[in-house]
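What follows is one structure encoded as structure tokens, with my remarks underneath.
In this text the structure is predicted, and so the values were computed from the model without any measurement. Ligands are counted one by one from 1 in listed order, and the atoms in each one are counted from 1 as well. This chain uses plain numbering: 1 for the first residue, then up along the sequence.
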Amino acid sequence: MSEIAENIQRIQQAIREAAERVNRNPAGVTLIGVTKTLSAEVVNEALAAGLTHVGENRVQEAKAKFPLLAKPVTRHLIGHLQRNKVKDAVLLFDMIHSVDSLELAREINKRAADAGRVMDILLQVNVSGEETKFGMEEDKLPGTLQEIAGLSNIRARGLMTIAPLTDNPERVRPYFARLRELLETMKNRGFVGNGFDQLSMGMTGDFRVAVEEGATLVRIGTGIFGPRVYHHG
Ligand SMILES: *Cc1c(COP(=O)(O)O)cnc(C)c1O
């Protein structure tokens, strides 16, 4: 078996164990392989080994890579999305995790309407305050979700967060717990429609804790593919 195939099996096993520790059904957790910087050839190895969801950070990179993939796969945009890339993004991706403003949501809605589709999105929230600069502030969430409910070509499916990097995943557990609490609050207060049930949280260093705290989508790069090598110039 290839190293990538072994890694995928090991991570699926760790997801099952984490889910079972908190009496969750492991089938409620989807593994997204984060394929940024990797060649289509390497991604195809992972698809052959059973990976069915991929996550990319950059629209341009995905645009070049996706046509080279050998199997149908569910495609997630997990990196920051610039307004001028939205038109491509709605054609390339099945879900956009990184919606961090109402303006961006409106642009996605408009471009999705042009493309004749309804785009699944997650709201990216900064639950760690000062520690990361990514995502919207918690207090903007209710208003943003209420506005989004009135847009007919996007569907809010849940929340996403990126925890601060740490050697000790226990330290970021409260942030994952907070994201789940926010999801429940938004549902209970009626700010969202049906199907608002996804929590995208957890990366290679902290996915076990994220699953224990309710993650439904985990985003794993290094744990499957090894350390990323960035080519400059
Ligand atoms: C790169 C990246 C990941 C994967 O990180 P690893 O630590 O390699 O698992 C997950 N989420 C986002 C948003 C990323 O940019």
Could you give all pairs that pass the salt bridge (charged side-chain N to carboxylate O under 4.0 Å, His left out) test and reach residues 7-36, with sequence neighbours left out? Arg21-Glu212
Which residue and non-hydrogen atom of the protein lie closest to [atom], and at what distance in Å?
atom	value
atom 12 (C) of ligand 1	Ile78 CD1, 3.5 Å
atom 8 (O) of ligand 1	Thr222 OG1, 2.5 Å
atom 2 (C) of ligand 1	Lys36 NZ, 2.6 Å
atom 11 (N) of ligand 1	Arg219 NE, 2.8 Å
atom 9 (O) of ligand 1	Thr204 OG1, 2.4 Å

Taking Arg208 for its side chain and Ile15 for its backbone only, find out whether a donor-acceptor pair lies under 3.5 Å. no
Contact check: Met160 vs ligand 1, nitrogen or oxygen atoms, below 3.5 angstrom: no
Atom CZ of Arg117 with >12 non-hydrogen neighbours under 6.0 angstrom: yes
Can you give the donor-acceptor pairs under 3.5 Å from side chains of residues 136-143 to other protein atoms, not counting sequence neighbours?
residue: Glu138; atom: OE1; partner: Arg178; partner atom: NE; Å: 3.2
residue: Glu138; atom: OE1; partner: Arg178; partner atom: NH2; Å: 2.7
residue: Glu138; atom: OE2; partner: Arg178; partner atom: NE; Å: 3.0

Kindly indicate, with the supporting measurements, whether the criterion salt bridge (Lys or Arg N to Asp or Glu O under 4.0 Å) is fulfilled by Arg180 and Glu184. CA-CA 6 Å; Arg180 182 180 55 182; Glu184 295 303 328; over 6 Å; no
Heavy-atom distances under 4.0 Å decide this one: backbone, side chain, both or neither, for Arg228 against ligand 1?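 The side chain, only.
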